[in-house]
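What you see is a predicted model; the values in this text were computed from it and never measured. Here is the naming used below: chain letters follow the sequence lines, and residue numbers restart at 1 for every chain.
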Amino acid sequence: MPGPSDARYQPQTIEPRWQTAWDTAGCFLAKVDPSRPKYYVLEMFPYPSGRIHMGHVRNYTMGDVVARYKKAQGFSVLHPMGWDAFGMPAENAAMQEGGHPATWTYNNIEVMKGQMKPLGLSIDWSREFATCDPEYYGQQQAMFLDMLKSGLVYRKNAVVNWDPVDMTVLANEQVIDGKGWRSGAEVEKRELTQWFFKISEYSEELLAALDTLEHWPAKVRLMQENWIGKSRGIDIPFRRTDGEAPIICYSTRPDTMHGASFVAISPEHPVSRALAEDNAELAAFIAAARKMDTTEAAMEKAEKKGIDTGITVRHPIHPDQELPVWVANFVLMDYGTGAVFGVPAHDQRDLDFARKYGLPVRNAFYLPGQEVEVENEALVPPKSETVDFIDHFAGVTKATSQEAIDATIDYFEAHDLGVGQEKYRLRDWGLSRQRYWGCPIPVVHCDACGVVPEKKENLPIRLPEDVSFDKPGNPLDRHPTWRNCACPACGKEARRETDTMDTFVDSSWYYARFTAPHAATPTDPAEAEYWMNVDQYIGGIEHAILHLLYSRFFARAMHKTGHLPASAVEPFDALFTQGMVTHEIYKTKDERGRPIYHLPEDVEDGKLIATGEAVETTSSVKMSKSKKNVVDPVNIIEQFGADTARWFVMSDSPPERDVEWTSSGAEATFKHLSRVWAMGERIAAMPADAPGDDADLTRAMHRAVDEVTTMIEGFAFNKAIAKLYEFSNTLSKSKASARMQKEAARVLAQLMAPMVPHLAEDLWHQLGGDGLVTEAAWPKADPAFLVDDTVTLPVQINGKRKAEIAVALDASKEEVEKIALSDEAVTRALAGATPKKIIVVPGRIVNVVI
RNA sequence: GCCCGAGUGGCGGAACGGUAGACGCAGAGGAUUCAAAAUCCUCCGCCCUAACGGGUGUGUGAGUUCGAAUCUCACCUCGGGCACCA
């Protein structure tokens with residue numbers, strides 16, 4: 001006769017069953033409910049590459065734990081999912097395999113969704129969209145027009161990386177050793193007219209508001225602060241001896257002015273360009289500078305070069321001193337004024353330059369007591385260090401550089417010699433891409449009217465479907481008819497803009513669209529008002545700067561154009577950046593010593609399963625296809641079920657750190673879940689009136705509720721799981737009554753539900769829980785059961801633990817002292833010595849000092 | 001180069017300035033079994049000891065404190081971010 005003990009934990013059966021039950025009950029449809037507090041939890045939406053990986057599983061499980069927990073706490077929860085669906089991989093696939101980017105993308109979305117569904121995530125799929133849906137990018141175009149009207153978007157010439165083979169602009173990170181990452185062609189600098197968002201207008205606000213983001217990681221705030229890069233300096237005009245307009249130099253170190261020995265201007269500086277017109281040598285120099293590789297490594301190695309223009313300027317403080325003006329390849333046009341004065345003694349670049357071209361080197365200050373001239377290493381002490389200034393015009397003698405900088409700026413302003421400035425490193429966001437698979441920029445070029453915005457009623461400007469990728473370049477550009485249109489202003493024949501938007505634009509507002517995904521306007525004010533902001537955003541640290549900064553800007557721009565309330569300008573109240581999933585690498589070598597990598601599923605006990613050959617195992621790193629150290633979530637779900645995958649990725653490491661996937665860990669998780677399931681069966685089958693002592697289990701249950709709640713609130717999922725292990729171990733050994741064991745098992749199911757919802761649902765059902773555990777209210781701990789009436793105190797002698805004593809919780813210090821000193825182990829350790837002092841920390845510790 | 005962060009058993013990791021190593025993995029021993037798998041029980045930082053027990057121990061060195069993994073300083077190692085930004 002088959003009894004309960006014959007039943008086995010079968011996730012393959014129970015998981016689909018409960019997923020259907022949730023769908024039928026509509027558990028995860030987000031509803032505006034003014035009677036409840038709302039909670040919006042969002043994970044960074046995926047790029048539809050075609051397969052999910054363990055990183056996705058970890059990211060979405062974290063969000064799901066939060067979403068399910070908040071739902072149980074009575075919040076009206078919004079937990080949506082969508083697809084960051086525009087971008088180059090779709091075009092590359094079309095080039096390599098033929099087909100259309102849209103087909104490729106939508107197929108991938110179907111496949112990935114099919115892989116995600118079995119995870120049992122509490123997602124409101126009715127809100128799903130892809131950024132390549134015309135309904136989405138059409139609204140993005142509408143916002144672009146509004147922003148254009150508000151002056152948040154503009155066009156200007158910019159120097160870009162141009163790949164002459166692929167005929168497209170490349171981002172800096174796509175240029176490797178000066179060559180296009182795909183074509184391998186020598187990358188050129190080209191000047192193109194590009195669209196820009198005026199993010200720099202918000203530099204100060206984006207910087208200042210970082211302080212309000214209390215629930216963001218300090219690391220991310222710091223990275224953004226550095227990226228915005230505020231500096232205080234001064235613009236100083238240098239009068240030219242030939243009477244032409246002065247050259248304005250920007251400096252953050254005007255305190256070193258005394259040591260200025262030349263002025264250097266950027267090759268792109270208007271003065272350089274003007275001179276180059278009848279100076280072939282200079283023209284060649286500027287061309288060479290443009291070709292120069294802009295990657296970090298190359299910058300470091302690149303030689304500092306310059307050309308003397310023959311122009312001279314006067315030192316602002318010592319007008320009798322004439323300084324030569326050089327064009328120098330290390331001066332950037334788009335920071336400050338594109339011109340600097342060189343102080344070789346206190347700047348390494350200037351010093352290298354001065355030594356190369358024989359320019360004078362003069363100290364502006366010395367370290368106290370060390371009056372030595374600079375040789376080949378510039379003297380650059382911290383701005384907070386006190387130094388001795390030489391003959392400083394503002395009367396500064398012994399001072400820190402910071403004090404001297406402030407004094408200098410005051411002096412220059414007072415004498416009308418310069419204007420104090422605050423500058424930012426943050427530059428405007430260039431959004432034009434010469435690509436097909438992106439959101440078309442909705443403007444028209446008309447010979448008569450110039451650049452004209454499309455009419456909103458013509459939106460969306462759809463991408464044409466009949467395109468080919470057999471030739472390099474932008475298919476929109478060479479499409480026979482798509483470009484042709486009527487000018488929205490005059491109605492005459494005109495041409496569409498063929499650039500599309502950077503895909504970062506798509507992801508800069510998707511969180512807002514989720515609040516009203518089908519609205520006929522970009523957002524719906526009532527829905528945005530109710531659901532915004534995102535209460536908890538979860539994603540990878542790799543988006544610390546660009547995506548998050550762009551989104552912060554975009555929310556402000558959306559507010560300015562009436563698409564978001566003022567309360568939503570910081571769209572993410574709390575941010576959590578999760579670690580990666582790693583795995584060991586297994587490799588063997590071929591006959592020529594080259595590594596061959598092997599999938600974890602082909603290796604057992606350090607040997608290849610197929611041949612028995614020993615593999616070399618290297619330490620765990622981020623899962624990557626090229627190293628084959630990947631575990632496919634689909635296989636894990638087939639083998640162990642989704643709950644095992646979910647529990648394991650949450651259990652082993654703190655969520656902000658990397659977690660190492662191990663097969664032994666996954667198996668152990670499955671065994672544990674099987675044990676819990678079998679325990680549920682056993683407890684459910686207990687005769688209802690079986691008696692027992694309930695005190696210990698009651699206490700353990702309330703403690704578990706209290707601790708797990710605190711741990712989940714604090715994103716300490718690994719610790720919550722450790723507590724759940726403890727509690728289920730306690731329950732399995734409990735001698736409590738059937739009534740109490742059943743209650744405790746139901747509470748265990750509730751506490752486990754955020755992590756392993758299917759198993760929890762099954763337990764809850766077996767144990768007679770009411771309805772779905774997914775809809776049940778989170779249990780509350782009774783504080784009365786959280787304190788013991790006696791406590792165990794360690795007793796230390798001179799800070800070293802020697803004994804333990806049990807005392808009443810409310811025992812007085814004197815009583816505790818007495819009990820401690822009369823303890824046998826304490827007397828032994830004291831060995832007759834007289835205590836000098838006894839420290840009693842109630843409920844904590846006793847320390848006897850001898 | 002500049003700016004952050006982290007170093008705890010064989011491993012992943014716990015620990016409001018108060019019993020270091022919770023919980024899990026791996027390992028050892030035992031029960032069950034004809035045997036194995038599965039399951040259950042016990043042990044498990046290192047050194048000395050048959051045991052009781054003692055010593056030692058959170059990257060290194062100093063310091064503050066009755067008491068330091070935790071606070072301070074210096075150093076070492078690893079990880080991350082930024083970088084001709086004047």
Between the base of B/C23 and the side chain of A/Lys719, is there a donor-acceptor distance below 3.5 Å?
-> no
Is there a donor on the side chain of A/Arg427 or the base of B/C85 sitting less than 3.5 Å from an acceptor on the other?
-> yes
Applying the Watson-Crick and G-U wobble criteria at under 3.5 Å, what pairs with [N]? Answer none if nothing qualifies.
{"N": "B/C34", "answer": "none"}
{"N": "B/U65", "answer": "none"}
{"N": "B/U56", "answer": "B/G45"}
{"N": "B/G9", "answer": "none"}

Between A/Gly336 and A/Gly799, the residue closer to the 5' end of RNA chain B by nearest nucleotide is A/Gly799
Identify, between A/Ala339 and A/Met711, the residue whose nearest nucleotide on RNA chain B lies closer to the 5' end.
-> A/Met711
Measure [atom1]/[X] against [atom2]/[N] and give the value in whole Å, please.
{"X": "A/Tyr725", "N": "B/G24", "atom1": "OH", "atom2": "P", "result": "7 Å"}
{"X": "A/Ile405", "N": "B/A86", "atom1": "CD1", "atom2": "C1'", "result": "12 Å"}
{"X": "A/Leu207", "N": "B/C85", "atom1": "CG", "atom2": "P", "result": "19 Å"}
{"X": "A/Ile545", "N": "B/G81", "atom1": "CD1", "atom2": "C1'", "result": "7 Å"}
{"X": "A/Ile234", "N": "B/A86", "atom1": "CD1", "atom2": "P", "result": "15 Å"}
{"X": "A/Asp347", "N": "B/A83", "atom1": "CG", "atom2": "C1'", "result": "13 Å"}
{"X": "A/Met333", "N": "B/C84", "atom1": "CE", "atom2": "P", "result": "17 Å"}
{"X": "A/Gln348", "N": "B/C85", "atom1": "CD", "atom2": "P", "result": "12 Å"}

Look only at the side chain of A/Ser653 and the backbone of A/Asp658, and say whether a donor-acceptor pair between them is shorter than 3.5 Å.
-> yes
Using a strict cut-off of less than 4.0 Å between a Lys/Arg side-chain nitrogen and an Asp/Glu carboxylate oxygen, indicate whether [X] and [Y] qualify as a salt bridge.
{"X": "A/Asp788", "Y": "A/Arg699", "value": "yes"}
{"X": "A/Glu204", "Y": "A/Lys230", "value": "yes"}
{"X": "A/Lys383", "Y": "A/Asp255", "value": "no"}
{"X": "A/Lys735", "Y": "A/Asp696", "value": "no"}

So, does [X] get its side chain near the phosphate of [N], meaning an N or O under 4.0 Å from OP1 or OP2?
{"X": "A/Tyr335", "N": "B/A86", "result": "yes"}
{"X": "A/Arg657", "N": "B/G13", "result": "yes"}
{"X": "A/Asn729", "N": "B/G24", "result": "yes"}
{"X": "A/Arg828", "N": "B/G53", "result": "no"}

Rounded to the nearest 0.5 Å, how far does CG of A/Asn847 lie from CG of A/Asn798?
-> 7.0 Å
Quick one: label [X] by what it contacts on the DNA or RNA (base, sugar-phosphate, nothing), any heavy atom closer than 4.0 Å.
{"X": "A/Lys671", "value": "sugar-phosphate"}
{"X": "A/Val846", "value": "nothing"}
{"X": "A/Lys733", "value": "sugar-phosphate"}
{"X": "A/Val849", "value": "sugar-phosphate"}
{"X": "A/Asn718", "value": "sugar-phosphate"}
{"X": "A/Ser651", "value": "nothing"}
{"X": "A/Gln796", "value": "base"}
{"X": "A/Arg253", "value": "sugar-phosphate"}
{"X": "A/Lys800", "value": "sugar-phosphate"}
{"X": "A/Leu222", "value": "sugar-phosphate"}

So, do A/His315 and A/Phe341 have ring centers that fall under 6.0 Å from each other?
-> no
Does any non-hydrogen side-chain atom of A/Met711 lie less than 4.5 Å from one of A/Leu751?
-> no
Nearest to the side chain of [X], which nucleotide is it out of [options]?
{"X": "A/Ile845", "options": "B/A86, B/U19, B/A14", "value": "B/U19"}
{"X": "A/Pro654", "options": "B/A83, B/A86, B/G13", "value": "B/G13"}
{"X": "A/Thr792", "options": "B/A86, B/U19, B/G13", "value": "B/U19"}
{"X": "A/Val340", "options": "B/A86, B/C23, B/G18", "value": "B/A86"}
{"X": "A/Arg675", "options": "B/G80, B/C40, B/C23", "value": "B/C40"}
{"X": "A/Glu660", "options": "B/C11, B/C25, B/G18", "value": "B/C11"}
{"X": "A/Lys802", "options": "B/G55, B/C84, B/G18", "value": "B/G55"}
{"X": "A/Arg425", "options": "B/A14, B/C25, B/A83", "value": "B/A83"}
{"X": "A/Asn847", "options": "B/C84, B/G18, B/C82", "value": "B/G18"}
{"X": "A/Arg844", "options": "B/C16, B/C84, B/A26", "value": "B/C16"}

Looking only at side chains, do A/Ser401 and A/Arg253 share a donor and an acceptor under 3.5 Å apart?
-> yes
Pair A/Ser231, A/Tyr250: side-chain N/O donor-acceptor within cut-off below 3.5 Å = yes
[N] and [M]: how far apart are their [atom1] atoms, nearest whole angstrom?
{"N": "B/A68", "M": "B/G57", "atom1": "C1'", "value": "14 Å"}
{"N": "B/G12", "M": "B/C2", "atom1": "C1'", "value": "34 Å"}
{"N": "B/C25", "M": "B/G13", "atom1": "P", "value": "16 Å"}
{"N": "B/G9", "M": "B/A69", "atom1": "P", "value": "14 Å"}
{"N": "B/A83", "M": "B/C23", "atom1": "C1'", "value": "43 Å"}
{"N": "B/G7", "M": "B/C71", "atom1": "P", "value": "10 Å"}
{"N": "B/U39", "M": "B/C44", "atom1": "P", "value": "22 Å"}
{"N": "B/A22", "M": "B/G45", "atom1": "P", "value": "8 Å"}

Syn or anti for B/G9, with syn set at within 90° of 0?
-> syn
